[in-house]
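Working notes, beginning with the structure itself.
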There are 2 protein chains.
Amino acid sequence: MSHTLGDPAPTPGARQAQKLRTRQALLDAALRLLAEQSLSSLGLREVTRAVGVAPTAFYRHFRDIADLGVALVEEALGSLHTTLVATLAATGEGDGEERIAAAVELIVAYVRAYPAHARFIAREQHGGVRRVREAIGAQLALFAREVAAQFAKEPEAVGWSEDDLLMLARMYVDHMVMTASALLETDDAGPVTDTARRQLRLVSLGRRHWLDAPPPADR
Amino acid sequence: MSHTLGDPAPTPGARQAQKLRTRQALLDAALRLLAEQSLSSLGLREVTRAVGVAPTAFYRHFRDIADLGVALVEEALGSLHTTLVATLAATGEGDGEERIAAAVELIVAYVRAYPAHARFIAREQHGGVRRVREAIGAQLALFAREVAAQFAKEPEAVGWSEDDLLMLARMYVDHMVMTASALLETDDAGPVTDTARRQLRLVSLGRRHWLDAPPPADR
DNA sequence: AAACTCGGAGAACAGTTGTTAACTGCATGG
DNA sequence: CCATGCAGTTAACAACTGTTCTCCGAGTTT
């Protein structure tokens, strides 16, 4: 306790560390409170009370509740982002059943590991706080672009327009969020994952036959 | 006016008519206020103030805000339900491009006609008020069952299990809600409807080739 | 060792909230 | 035609909200 060596943050010190700790405590408390309400009804005092700090301390970390919400979006989708990219690369080139299983397992594992984060994203994606909605929308759009970029590298993508690839990717991303929400509402994950897999199979099947018939006259 | 027989509302009542008028005013005001917040942050006094009625008058119509929310679900999805059934029957047996166009047009028209209702459903589907979430979930499940029942009547459905038909129907219903939400966030409906059509085309394509290959080992 | 930063506390503010109780007046049913 | 029912009002309640201003004390810098 008394030695001065081996601080993870060299110069900045113990001061900033404590600030980050309370900031994280605020985020955690907010996330916990959001299990049973929406962000737009979450009170600043409610959060600080749960942490055990004075209401005014909130302003040292966030301008308002919407600001805290945006931070939560980054926390929730940041971790998912890395694992998503990893899974994408790991199952790369793989097209069929194994990739579907991996995709569904990714989202099942995420919901099981971070249910509060998953609930927050599903809830606030269409929620009442504009800035948070936009932050989530931007992140999911980024996800879709990355999935589309991965698809573009695969042999199945020859003949596909960039726009169609993005459309396909958005389908996967949106389905991911839907599945997460469905998982949160049930206590038996079995049927939900089963349905999710079959739906992905359906889309994958449509993907394989996308170029069979010409586009419908216009375009 | 004077006979005592079988009226669903026995008393014709100018009295009850006025009650329904204020009840509707409460629903309308709530829906308007929900454009920029979630139901869980909507205040009882806020609603009554917007209508121009005393706060306590609220209790004559609803037990609490959640109760009003459930009523809004019925109002929003009741009207959609009838037009959905009508469209389903009208485009019955039709499978391809024309049905896709009709489905997308249905949801575009609905969002344009009742944007506040559409926003409410999209927002509260995963929102912070349990009872409302459940009401929406039940309604959408009903929609899915009806779509599945229609599919079952069509020649393309031979060889499909009931479960797979429901899975397909849920895909369409969920996509409907997603499209509605996307339409609400943009001011140029063009690209959104275009993407929605292509996504439906993809699913429809997958549907046509569903029975090409056998299910993946299990089942 | 003194000067300075700055995360947090404390108190006070004007408003707001949901809910209760008792009341009023009018349409209704006997 | 009178008595009842009941939609809506008024008043009051304790509790809560976001935000401001002032202050403290410990970490940091010089």
Side-chain angles (χ1 to χ4, degrees), chain A residues 1-5 7-30 33-34 36-69 71 128-129 131-132, chain B residues 1-30 33-34 36-69 71 128-129 131:
Chain A
M1 295 301 186
S2 56
H3 65 89
T4 56
L5 268 187
D7 274 352
T11 24
R15 192 80 220 96
Q16 205 164 11
Q18 172 62 17
K19 173 163 186 181
L20 285 183
R21 279 178 74 210
T22 43
R23 183 191 139 103
Q24 191 58 45
L26 288 170
L27 290 172
D28 293 348
L33 291 167
L34 285 174
E36 288 168 1
Q37 61 182 316
S38 309
L39 187 69
S40 81
S41 70
L42 183 66
L44 168 160
R45 293 182 102 106
E46 203 178 348
V47 178
T48 57
R49 191 187 316 132
V51 173
V53 302
T56 52
F58 183 90
Y59 294 105
R60 301 291 181 190
H61 304 273
F62 308 102
R63 201 186 307 271
D64 49 28
I65 285 288
D67 202 30
L68 179 145
V129 182
R131 287 171 52 205
V132 172
Chain B
M1 297 298 190
S2 55
H3 65 89
T4 55
L5 273 184
D7 272 354
T11 44
R15 191 79 224 98
Q16 206 164 12
Q18 172 62 15
K19 174 164 185 179
L20 286 182
R21 278 178 76 208
T22 44
R23 183 191 139 103
Q24 190 58 44
L26 288 170
L27 290 171
D28 293 349
L33 291 167
L34 285 172
E36 287 168 1
Q37 60 181 319
S38 310
L39 188 68
S40 80
S41 69
L42 184 66
L44 168 162
R45 295 184 100 106
E46 203 178 350
V47 178
T48 56
R49 191 187 316 131
V51 172
V53 78
T56 51
F58 183 90
Y59 295 105
R60 301 290 180 191
H61 304 274
F62 308 102
R63 199 187 307 269
D64 49 28
I65 284 288
D67 202 30
L68 179 145
V129 182
R131 286 172 51 203

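This is a predicted model, so every value here is computed, not measured. Labels below follow one simple rule: chain letters A, B, ... track the order of the sequence lines, proteins then strands, and each chain is numbered from 1.
Shown here for A/A50 and A/L33, the closest heavy-atom pair between the two residues is CB-CD1, 4.3 Å. The shortest non-hydrogen separation linking B/I65 to B/L42 is CG1-O, 3.7 Å.
Looking at A/F58 and A/V51, their side chains never come closer than 4.5 Å, going by heavy atoms from C-beta outward. Put simply, the side chain of A/L44 does not reach to within 4.5 Å of the side chain of A/F62, judged on heavy atoms. Side-chain contact between A/H61 and A/V53 is absent, with no heavy-atom pair separated by less than 4.5 Å. Side-chain contact check for B/L34 versus B/L39: some heavy-atom pair is nearer than 4.5 Å.
For the pair B/Q16 CD and C/dA27 C1', the computed distance is 12 Å after rounding to whole Å. The CZ atom of B/R60 sits 12 Å away from the P atom of C/dT20 (whole-angstrom rounding). Between B/D67 atom CG and C/dG18 atom C1' there is a gap of 15 Å when expressed in whole angstrom units.
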One character per nucleotide, please: for nucleotides 15-21 of chain D, 5' to 3', B when the base has a protein heavy atom closer than 4.0 Å, S when only the sugar-phosphate does, - otherwise.
--SBBBB
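Residues from residues 18-29 of chain A with heavy atoms under 4.0 angstrom of DNA chain D: there are none.
Formation of a donor-acceptor pair under 3.5 Å by the B/S40 side chain with backbone atoms of A/S38 is found in this model.
Remark: of the listed residues A/Q24, A/Q18, A/K19, A/Q18 is the sole one forming a side chain to side chain contact (heavy atoms under 4.5 Å, CB included) with A/R21.
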